[in-house]
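Report on one structure; see the data block that follows.
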Amino acid sequence: MIVERDVPLARFTTIGTGGPARLFARPQSLAELEEALAPAADEALSVAVVGLGSNLLVADEGVDALVLRLEGELASVEVRAETLVVGGGAANAVALHAARNAGLAGFEFACAIPGTAGGGVRMNAGAYGRDWEAVVSRALVVDSAGHAWRTPDELGMTYRHSNLGAGQIVARVEFGLEPGEPDEIKAKVKELNALRKAAQPTNRRTFGSVFKNPDHELSAGRMLEACGLKGHRIGGAQISPKHGNFIENADGARSEDAIALMAEARRRASEQFGVALEHEVRFLGALELP
Ligand SMILES: Cc1cc2nc3c(=O)[nH]c(=O)nc-3n(C[C@H](O)[C@H](O)[C@H](O)COP(=O)(O)OP(=O)(O)OC[C@H]3O[C@@H](n4cnc5c(N)ncnc54)[C@H](O)[C@@H]3O)c2cc1C
């Protein structure tokens with residue numbers, strides 16, 4: 001496996017910001033993944049993994065770590081009876097396509113989530129009333145100590161949360177689905193995509209939801225809209241004029257611009273609603289919300 005140095009991570013994130021990874025590798029199999037993790041443990045080098053970077057903000061200064069991207073067998077997609085078996089690095093769109101062709105329903109909600117199977121486990125991604133926890137049977141988690149299958153219960157999957165820590169990598173995921181008509185699956189996906197297009201910016205560079213929805217009658221998006229933040233801009237980043245809980249790369253944004261917008265959003269939500277917004281987007285590198 002080739003280990004590259006100083007690879008710019010901006011091209012691996014949907015917002016398109018962030019500096020380089022000190023080391024970067026693309027393991028193609030479980031053996032290569034374990035091989036990559038072993039020396040990192042010996043040298044006390046941090047290990048991180050990126051999926052499609054669709055909920056990720058990377059420090060502008062870069063990341064002093066070995067950053068992995070799962071490819072090859074670790075991004076494969078296969079159907080076995082009513083189980084969709086996919087590599088942790090497989091894109092949701094590819095997995096959904098295979099499920100539909102095999103007449104397996106229940107994964108349609110993922111059409112709106114532009115990430116990978118492994119990223120979905122880490123985030124317990126969800127949309128339209130369904131999430132990963134509802135469809136994952138088990139996930140193969142690898143770290144420097146070896147690998148083990150875990151159920152959603154063992155993964156502690158709750159709203160946009162799992163108990164996976166840094167250096168714990170989802171190499172494979174099994175989704176338990178149910179038989180469905182491919183035409184009906186296609187129609188459902190079309191309906192969900194239309195709903196998404198009406199409510200959210202779909203042709204802009206973003207990292208999806210910035211904050212988790214708070215325990216409040218208003219969603220994070222509605223709350224930030226009520227704070228007058230739609231369209232608010234700092235540097236090259238702006239809060240989407242269409243949805244208050246999205247930050248867009250409007251023009252040459254840096255991650256620090258996004259962080260400044262997030263800090264302002266938290267300040268206003270706290271002042272106007274007494275709510276401490278918790279960020280959903282994951283940070284990579286030395287990033288902190290003031
Ligand atoms: C336009 C848009 C719409 C979105 N809509 C939704 C939505 O409706 N619902 C929703 O839940 N999310 C949504 N998101 C956010 C995002 O798509 C999800 O959180 C997705 O699951 C992230 O997957 P990823 O592979 O891109 O992970 P990344 O963004 O690359 O990483 C996110 C976190 O997961 C970790 N990770 C990634 N891969 C693995 C792995 N194999 N093993 C262990 N950890 C891993 C990373 O280290 C990081 O901590 C949206 C994003 C965009 C840009």
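One-based numbering, in listed order, for ligands and for the atoms of each.
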Practice prompt. Answer with yes or no whether Ser209 contacts ligand 1, where contact means a heavy atom under 4.0 Å from a ligand atom.
Written response: no
Taking the minimum heavy-atom distance to [atom], which of [options] ranks first?
atom                    : options                        : result
atom 48 (C) of ligand 1 : His243, Arg282, Arg204, Lys212 : Arg282
atom 41 (N) of ligand 1 : Thr202, Val173, Val170, Ile15  : Val170
atom 44 (N) of ligand 1 : Thr14, Val49, Asn92            : Val49
atom 32 (C) of ligand 1 : Glu280, Arg69, Met123, Gln200  : Met123
atom 5 (N) of ligand 1  : Arg205, Arg196, Arg122         : Arg196

Backbone or side chain, does any N or O of [X] fall under 3.5 Å from an N or O of ligand 1?
X      : value
Val50  : no
Gly126 : yes
Thr206 : no
Leu164 : no

Which atoms from ligand 1 have a heavy atom of [X] less than 4.0 Å away?
X      : value
Gly120 : 21 (O)
Asn55  : 15 (C), 16 (C), 19 (O), 29 (O)
Ala112 : 3 (C), 4 (C), 5 (N)
Arg160 : 11 (O)
Gly118 : 38 (N), 39 (C), 40 (C), 41 (N)
Ala125 : 11 (O), 21 (O)
Ala127 : 8 (O)
Ile169 : 42 (N), 43 (C)

So His216 and Phe273, would you call those rings parallel, tilted or perpendicular, with 30° and 60° as cut-offs? perpendicular
- prompt: How are the rings of Phe109 and Phe107 set relative to one another: parallel (under 30°), tilted (30 to 60°) or perpendicular (over 60°)?
  reply: perpendicular
Which residue supplies the protein heavy atom nearest to [atom], what is that atom called, and how far is it?
atom                    : result
atom 4 (C) of ligand 1  : Pro114 CD, 3.6 Å
atom 12 (N) of ligand 1 : Ile113 CG2, 3.9 Å
atom 27 (O) of ligand 1 : Gly119 CA, 3.8 Å
atom 53 (C) of ligand 1 : Gly208 N, 3.4 Å
atom 31 (O) of ligand 1 : Leu56 CD1, 4.1 Å

Looking at [X], I'd like to know if its [atom1] atom is crowded, meaning that more than 12 non-hydrogen atoms belonging to other residues, nucleotides or ligands lie closer than 6.0 Å.
X      : atom1 : answer
Glu178 : CD    : yes
Asp215 : CG    : no
Arg222 : CZ    : no

Mode of [X] contact toward ligand 1 - side chain, backbone, both, neither (heavy atoms, under 4.0 Å):
X      : result
Arg172 : neither
Leu70  : side chain
Gln168 : backbone
Ser54  : both

So OG of Ser46 and CG of Leu66: to nearest 0.5 Å the spacing works out to 9.5 Å
> Can the ring centroids of Phe24 and Phe12 be said to lie less than 6.0 angstrom from one another?
Replying inline: yes
